[in-house]
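What's counted below: heavy atoms across the whole structure, side chains too, no hydrogens, waters or symmetry copies. Predicted, not measured: the structure shown is a model, and the values here were computed from it.
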Amino acid sequence: ALVREHWSAIENGTHYRRDVTLGEDACRVEDRNAVSVLATLRNLTNGIYELERERERTQVDTLNSWLEQQTFSTAWPLLKR
């Protein structure tokens, strides 16, 4: 039951965000290096969002809403923290 709950949380959290919100399944990039870079950027995006939520620096409750608020000038300082 613990293992099932663990994987359920991963599938419904991280994988759902990557697949649906960030469009990973719809991406048709074939170059292995580009795929790796895109996966890294998706993980970074997800990680920054989770960190912002954990530290209560955002009021939004979904990754999609958070992404709509971000621009380069708002996201860059987040990487420097």
Side-chain angles (χ1 to χ4, degrees):
L2 282 173
V3 172
R4 190 174 296 119
E5 287 177 25
H6 170 75
W7 284 109
S8 177
I10 290 174
E11 190 61 38
N12 293 327
T14 303
H15 289 166
Y16 179 84
R17 287 186 194 132
R18 286 179 60 175
D19 293 344
V20 177
T21 306
L22 300 174
E24 187 171 57
D25 286 347
C27 184
R28 297 292 172 231
V29 174
E30 294 181 13
D31 181 82
R32 285 181 172 225
N33 291 329
V35 169
S36 294
V37 169
L38 289 172
T40 301
L41 291 173
R42 288 182 185 108
N43 286 334
L44 179 63
T45 300
N46 199 25
I48 292 172
Y49 167 68
E50 285 295 324
L51 188 60
E52 290 295 291
R53 279 188 45 196
E54 182 181 304
R55 294 183 178 172
E56 299 178 354
R57 290 189 233 170
T58 183
Q59 301 301 316
V60 298
D61 58 348
T62 65
L63 177 60
N64 198 32
S65 299
W66 183 75
L67 288 171
E68 289 173 358
Q69 296 178 354
Q70 301 308 309
T71 64
F72 181 78
S73 59
T74 61
W76 184 250
L78 299 175
L79 297 173
K80 292 183 175 182
R81 292 183 188 173

Task: Inter- and intrachain pairs under salt bridge (Lys or Arg N to Asp or Glu O under 4.0 Å), touching residues 63-73, at least two apart - done: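 Qualifying pairs, neighbours excluded: none.
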- [ ] Only pairs at least two apart or in different chains count here, so list each ring-ring contact (aromatic ring centres under 6.0 Å, His included) that has a residue in residues 44-67.
- [x]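 Qualifying pairs, neighbours excluded: Tyr49-Trp66.
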Inter-residue atom distance [X].[atom1] - [Y].[atom2], 0.5 Å rounding:
X: Leu38; Y: Asn43; atom1: CG; atom2: CG; value: 11.0 Å
X: Thr45; Y: Leu41; atom1: OG1; atom2: CG; value: 6.5 Å
X: Gln59; Y: Arg53; atom1: CD; atom2: CZ; value: 11.5 Å

- [ ] List, by chain and number, the other hydrophobic cluster members for Leu2, where Ile, Leu, Val, Met, Phe, Trp and Tyr join if side-chain heavy atoms come within less than 4.5 Å, directly or indirectly.
- [x]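 Besides Leu2, the cluster holds no residue at all.
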Task: Shared-cluster residues of Leu51, by chain and number - hydrophobic side chains joined below 4.5 Å - done: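 Besides Leu51, the cluster holds no residue at all.
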Task: Closest non-hydrogen atom pair, Pro77 against Thr74 - done: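 Minimum heavy-atom contact is CD-O, 3.5 Å.
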Open item on the list: Going by side chain to side chain donor-acceptor pair (under 3.5 Å), name the residues that satisfy it together with Thr58, two or more places apart in sequence or in a different chain.
Closed with: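 Applying side chain to side chain donor-acceptor pair (under 3.5 Å) to Thr58 gives none.
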Task: Counterpart residues, side chain to side chain donor-acceptor pair (under 3.5 Å), relative to Glu50 (two or more places apart) - done: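 With neighbours one apart ignored, the set is Arg17.
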Please list, one pair per line, the donor and acceptor atoms closer than 3.5 Å that link side chains of residues 21-30 to other protein atoms, with sequence neighbours excluded.
from	atom 1	to	atom 2	distance (Å)
Glu24	OE1	Arg18	NE	3.4
Glu24	OE2	Arg18	NE	3.3
Glu24	OE2	Arg18	NH2	2.5
Arg28	NH1	Asp25	O	3.3

Open item on the list: Between Val60 and Gln69, is there a side-chain heavy-atom distance shorter than 4.5 Å?
Closed with: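 The answer is yes, as the side chains (C-beta and beyond) meet within the 4.5 Å cut-off.
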- [ ] Answer with yes or no whether the hydrophobic clustering places Leu44 together with Leu67; edges join I, L, V, M, F, W, Y residues whose side-chain heavy atoms lie under 4.5 Å apart.
- [x]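 As far as the 4.5 Å side-chain criterion goes, Leu67 and Leu44 are connected within one cluster.
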Open item on the list: According to a hydrophobic-cluster definition based on side-chain heavy atoms being under 4.5 Å apart (Ile, Leu, Val, Met, Phe, Trp, Tyr only), do Leu63 and Phe72 belong together?
Closed with: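 Yes, Leu63 and Phe72 fall within the same hydrophobic cluster.
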Task: Contacts of type side chain to side chain contact (heavy atoms under 4.5 Å, CB included), residue Ser73, not counting sequence neighbours - done: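 Expected list: Thr71.
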